[in-house]
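Below is one structure, written out as structure tokens; the observations come after it.
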Protein chains: 2
Amino acid sequence: MAGSIQSVERAAAVLRLLAGGERRLGLTDVASALGLAKGTTHGILRTLQQEGFVEQDDASGKYQLGAELLRLGNSYLDVHELRARALVWTDDLARASGESVYLGVLHQQGVLIVHHVFRPDDSRQVLEVGAMHPLHSTALGKVLTAFDPVAHREALELERERFTPRTVTAADELEGVLDLTRARGWAADLEETWDGVASVAAPVHDRRRMPVGAVGITGAVERVCEDGEIRARLVAAVRDCARAVSRDLGGGRF
Amino acid sequence: MAGSIQSVERAAAVLRLLAGGERRLGLTDVASALGLAKGTTHGILRTLQQEGFVEQDDASGKYQLGAELLRLGNSYLDVHELRARALVWTDDLARASGESVYLGVLHQQGVLIVHHVFRPDDSRQVLEVGAMHPLHSTALGKVLTAFDPVAHREALELERERFTPRTVTAADELEGVLDLTRARGWAADLEETWDGVASVAAPVHDRRRMPVGAVGITGAVERVCEDGEIRARLVAAVRDCARAVSRDLGGGRF
DNA sequence: GTTCGGCGGTCGACAATGTCGAACACCGGA
DNA sequence: TCCGGTGTTCGACATTGTCGACCGCCGAAC
């Protein structure tokens, strides 16, 4: 039995399908999307529902993701060592920079946000923990792509979507950006992902000097930039934070 | 095939086990905890790992929850209708009350926090989305227990832990509290869960008048209370917010 | 009101599937 | 070097999940 367990694989596929589609999906939708018999699909859905991973709307009979996933996802964060070490430093960074702080790790073909500190003002902000950001256009993504070989391969193999006129999509151009990132130890995103939004990020290393994640700040380009470049003060603050977290990861274990 | 799919059930049990234990677990630990053969357990873990639901520490070989769960949990929030409707109102409530706002739904034997607005000041706060709160001692929990028959049964069947000297654990005493809650339409928690912390909450109903969740605020007892009671202004603000969300969901007309 | 098409859900036969336990390779400590 | 422990692989067995036809239901169409 060298392979994987079929039914578990299929259950995972169901969950991923439900996560993708914005609205609820019916039994028949799920079955046809996965190419399974209705009976089989129903069995999987019934089990997932029983376990709390999937919920069914009483009225329409359609299925959606369940609350248990949120609870488990939260448990993942509790165990996450990088996040635990970074909590205090990212808070300081938000205070010092006056911008939102993000902590991301490589996951599949993107950056998974595992921590997010709101910009310290009263503005209305949406929490982005659990969200995915692209590798080739965000500061976090560029840092991971530059320092993590796995991320590098993913970013090159992947189709690089153009989000704004400034998004870098050509492979050779991206390589140049990554070289620059490696050389100076940080990366920027100047309106390459969202119009009017810029970000800076620096890598976090573990005790073996392997890249495990990236921290960065994101904010309106008018505040974060000066003369078309990220303010040096902010770059320094981000790099200080990344170094502090890296030091914490290298020291305190065992 | 009226039952559930065994392997999916077992995979869910593995995930729940990993979520429970604080630190990573080894293959043998998981196998013995679930009463399964090592080979079987390994197959499940291998599949879950392949799907990203579980990660394995290269050094120790031990297993922990994976990043994909965080991503799926986040997707759950995106679909969540109650949360979407509540976003704007809870923000206003935080501003008006000056305290943290929580939005919770019944999940298993507790309250699952699906939205959390930080207290609008610069203090350091931990995001609690995805966390579980007890039914019998928190304001959110009491509201759900009072208005949702399912929650009511859970709370009575469950062993009610004593968190502080003021926690209500006796069944008949709790019933009295629930009667009061139903009568006045809101519930309070005066240092019954955490010392020095008080909270108020009110129920959110859907279009069929069924309770679907609860909103509430939580804060230091010195700020939230006056003469040993919740400030009337805060109670009114919370109830207004709950009514507003209910109205948005298509519920009450007033 | 009645028909019809689609929905979610069920059932039972079949064999593909996952399970089990023994055996494996590997590591660290004694 | 040995040992006890780990995670991992393997093959025989029968349990288990799969499939597709079938059922009852609901809402739209007419």
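All chains are named by letter (A, B, ...) in the order of the sequence lines, taking the proteins before the strands, and each is independently numbered beginning at 1. Note that this is a predicted model, so its numbers are computed, not measured.
- Checking D:dT8, D:dG17, C:dT17 against every side-chain atom of B:Leu27, the shortest atom distance belongs to D:dT8.
- Taking a 4.0 Å limit (strictly below) on heavy-atom distances, residues 60-68 of chain B does not reach DNA chain C anywhere.
- Here D:dT6 is the nucleotide among D:dT6, D:dT9, C:dG18 with the atom lying nearest to any side-chain atom of B:Thr28.
- Following rounding to the nearest Å, B:Leu48 (CG) and D:dT8 (P) show an atom-to-atom distance of 13 Å.
- The side chain of A:Ile5 lies closest to C:dG18, out of C:dG18, C:dG8, D:dC19.
- The CG-P distance, from A:Asp57 to C:dG8, rounds to 12 Å in whole Å.
- Considering only side-chain N and O atoms, A:Thr40 lies nowhere under 4.0 angstrom from the phosphate OP1 or OP2 of D:dG17.
- Using a 4.0 Å cutoff on non-hydrogen atoms, the parts of residues 9-17 of chain B near DNA chain C are B:Arg10, ordered by number.
- Atom-to-atom, CG of A:Leu45 to C1' of C:dG8 comes out at 11 Å; the value is rounded to the nearest Å.
- With A:Ser246 contributing its side chain and A:Ala242 its backbone, the two residues share a donor-acceptor pair below 3.5 Å.
- Distance CG (A:Leu34) to C1' (D:dC19): 15 Å, rounded to an integer number of Å.
- Residue pairs that meet the ring-ring contact (aromatic ring centres under 6.0 Å, His included) test with at least one member in residues 41-75 of chain B, sequence neighbours left out, do not exist here.
- Under the ring pair (Phe, Tyr, Trp, His ring centres under 6.0 Å) criterion, A:Tyr76 pairs with A:His80, not counting sequence neighbours.
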Open item on the list: Go through it in stages, so that I can follow the logic: the residues are B:Glu9 and A:Thr47, the test is side chain to side chain donor-acceptor pair (under 3.5 Å), and I'd like the CA-CA distance, side-chain angles, deciding distance and then a yes or no.
Closed with: CA-CA 7 Å; B:Glu9 254 184 338; A:Thr47 309; over 6 Å; no
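- By the side chain to side chain donor-acceptor pair (under 3.5 Å) test, A:Asp240 is found to be paired with A:Arg243, residues two or more places apart in sequence or in another chain being considered.
- Remark: the A:His133 side chain and the A:Glu128 side chain contain an N/O donor-acceptor pair separated by less than 3.5 Å.
- Taking 4.0 angstrom as the limit, A:Gln56 places a side-chain polar atom (N or O) nearer than this to OP1 or OP2 of C:dG9.
- To the nearest angstrom, C1' of C:dT17 lies 15 Å from CG of A:Leu36.
- Between the C1' atoms of D:dA12 and D:dT16, the separation comes to 16 Å (whole Å).
- Proximity note for B:Ala37 (side chain, C-beta onward) versus D:dT8, C:dG21, C:dG8: the nearest is C:dG21.
- When the P atom of C:dG8 is taken as reference, atom CD1 of A:Ile44 falls 15 Å away, rounded to whole Å.
- For residues 138-149 of chain A, every residue pair satisfying the side chain to side chain donor-acceptor pair (under 3.5 Å) rule, not counting sequence neighbours, is listed here: A:Lys142-A:Glu192.
- With rounding to whole Å, A:His42 atom NE2 is found 15 Å from D:dG20 atom C1'.
- Evaluation of the side chain to side chain donor-acceptor pair (under 3.5 Å) rule for B:Thr193 yields B:Ser137, B:Asp189 as partners, not counting sequence neighbours.
- Taking only distance into account, the side chain of B:Lys38 never meets the base of C:dG21 through a donor-acceptor pair shorter than 3.5 Å.
- The stretch residues 52-77 of chain A participates, sequence neighbours left out, in these salt bridge (charged side-chain N to carboxylate O under 4.0 Å, His left out) pairs: A:Glu68-A:Arg71, A:Glu68-B:Arg16.
- Under the side-chain contact (heavy atoms from CB on, under 4.5 Å) criterion, A:Ser7 pairs with A:Ile5, B:Ile5, B:Ser7, B:Val8, not counting sequence neighbours.
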